[in-house]
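Chain identifiers are assigned alphabetically (A, B, ...) following the order of the sequence lines, protein sequences preceding nucleic acid strands; residue numbering begins at 1 within each chain. The figures that follow rest on heavy atoms only: side chains count, while hydrogens, waters and symmetry mates do not.
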Protein chains: 2
Amino acid sequence: MRLSRKSEYALLALVDLSRQYGKEPAKIMDVSIRNDIPKKYLEQIFLQLKGAGYVRSFRGANGGYSLAKPPEEITLAQIIRLIDGPLASVGSASLYYFEHTPIEKNKKLLQVFKEIRDEVSEKLESMSLSDFVD
Amino acid sequence: MRLSRKSEYALLALVDLSRQYGKEPAKIMDVSIRNDIPKKYLEQIFLQLKGAGYVRSFRGANGGYSLAKPPEEITLAQIIRLIDGPLASVGSASLYYFEHTPIEKNKKLLQVFKEIRDEVSEKLESMSLSDFVD
DNA sequence: TTTTAAGTCTATAAACAATATAGACATGAG
DNA sequence: CTCATGTCTATATTGTTTATAGACTTAAAA
């Protein structure tokens, strides 16, 4: 489970939105500056998060983005799965994104990576955005 | 820690060599066929493993590859670090391959990925090739 | 009603990594 | 000598990542 830079940006941006949950929407430009994320890239990330229902947008002047749900209800696992796909180290150890890979030939080897997937999933599913607002 | 196909091949090939540790060296061709690994790709993988001291080679007719150490002394972590690099999900949570990444801006977030790295490292460092010989 | 500050959408560029494939060469057993 | 093996380096192919660009739409406020 290697995290892309895009996932890192997405998590930072969502934690930023969490800080003003219930208040005014945040502008892309402001989130971009506060977290040092390239603005045009952040636009794409927010669009993707919006498509998946994690944020809502408001157009026009005074527009911006807000979380679509309380920070407690958005987990790290959900965001990383959305942006990067499988949490498992190998496709054949993945539940949500299973695919055949060579390592299946050795069942004990495969089992190790399934156990790692279980530990990682459990941890990332147990942590929500609310855990990262200072 | 996403495993590349190359790492999967390397692990399968090394377990194969483990099965005949102490016996005749194994030919690339045979390892290739037994594990369904492209032969020319496997050549490169063995060269890399040899460079790192995990296998020894014998040239000429009756040549081939053998483990350079007992299977108990080669861990999954060593091989994966050699082929794929960091075990950590983000560069800034890596000990062996540290680099700055955006997620450092949120220390609690970074801490989660350090904890995951610790769990994963511990597991992969505790498992050696001998654990996978049937 | 016009202006302007916002989000939307789609294309594409640049760099890099993953996954091989190719072929000329070196070595050593028989 | 021959031939089965490993060695070395180059290159091809494809996909992914990380953006950047620009024309378009929307809505608040003057």
Item to check | Rounded distance in Å - CG (A:Leu49) to C1' (C:dG7) | outcome: 14 Å
Checklist entry - Where each residue is assigned the nucleotide of DNA chain C containing its nearest heavy atom, which of B:Asp84 and B:Leu42 is assigned the position nearer the 5′ end? => result B:Asp84
Next on the checklist: Please verify the inter-ring angle class for B:Tyr65 with B:Phe46; under 30° counts as parallel, over 60° as perpendicular, anything in between as tilted.
Outcome noted: parallel
Checklist entry - Touch check for B:Lys39, heavy atoms < 4.0 angstrom, all strands: base, sugar-phosphate only, or nothing? => result nothing
Checklist entry - Which residue, A:Ile83 or B:Met29, contacts DNA chain D at a nucleotide closer to its 5' end, judged by nearest heavy atom? => result B:Met29
Checklist entry - Counting just side-chain N and O atoms, does A:Asn62 come under 4.0 Å of either OP1 or OP2 of D:dA29? => result yes
Item to check | Electrostatic pair A:Lys6:A:Asp84 at N-O distance under 4.0 angstrom | outcome: no
Checklist entry - Rounded to the nearest Å, what distance is computed from the NZ atom of residue A:Lys6 to the P atom of nucleotide D:dT17? => result 8 Å
Checklist entry - Quick one: is C:dA20 close enough that its OP1 or OP2 comes under 4.0 Å of any side-chain N or O from B:Tyr9? => result yes
Checklist entry - With distance as the sole criterion, do the side chain of B:Gln44 and the base of D:dT7 form a donor-acceptor contact below 3.5 Å? => result no
Checklist outcome for this item: Rounded to whole Å, the CZ-P distance (B:Arg2 to D:dT16) equals 11 Å
Item to check | Nucleotide D:dG6, atom P - distance to CG of B:Leu17 in whole Å | outcome: 11 Å
Item to check | Interatomic spacing from CD in B:Gln78 to CG in B:Leu82 - rounded to 0.5 Å | outcome: 9.5 Å
Next on the checklist: Would you say A:Ser57 places a side-chain N or O within less than 4.0 Å of OP1 or OP2 belonging to C:dT8?
Outcome noted: yes
Next on the checklist: What is the distance, to the nearest angstrom, from the CD atom on B:Glu24 to the P atom on C:dG28?
Outcome noted: 17 Å
Checklist entry - Can a donor-acceptor pair under 3.5 Å be found between the side-chain atoms of A:Lys40 and the base atoms of D:dG22? => result yes
Next on the checklist: Could you tell me how far apart B:Ile28 (CD1) and C:dA20 (C1') are, to the nearest whole angstrom?
Outcome noted: 15 Å
Checklist entry - Does the side chain of A:Glu115 come under 3.5 Å of the side chain of A:Gln111 through a donor N or O and an acceptor N or O? => result yes
Checklist entry - How many Å lie between CG on B:Leu47 and C1' on C:dA20, as a whole number? => result 15 Å
Checklist entry - CD of B:Glu43 versus P of D:dT9: gap in Å, rounded? => result 14 Å
Checklist entry - How is B:Phe58 classified with respect to the nucleic acid when contacts are heavy atoms under 4.0 Å: base, sugar-phosphate, or nothing? => result sugar-phosphate
Item to check | Verdict with supporting geometry, A:Glu43 and A:Lys40, salt bridge (charged side-chain N to carboxylate O under 4.0 Å, His left out) | outcome: CA-CA 5 Å; A:Glu43 284 181 14; A:Lys40 290 300 257 177; 3.5 Å; yes
Next on the checklist: I'd like to know if A:Arg5 reaches the base of D:dT18 with its side chain, counting only an N/O donor and acceptor under 3.5 Å.
Outcome noted: no
Next on the checklist: Please pick, from D:dA4, C:dT8, C:dA5, the nucleotide with the shortest atom-to-atom distance to any side-chain atom of A:Arg59.
Outcome noted: C:dT8
Item to check | A:Tyr41 side-chain N/O to D:dT17 phosphate OP1/OP2 under 4.0 Å | outcome: no
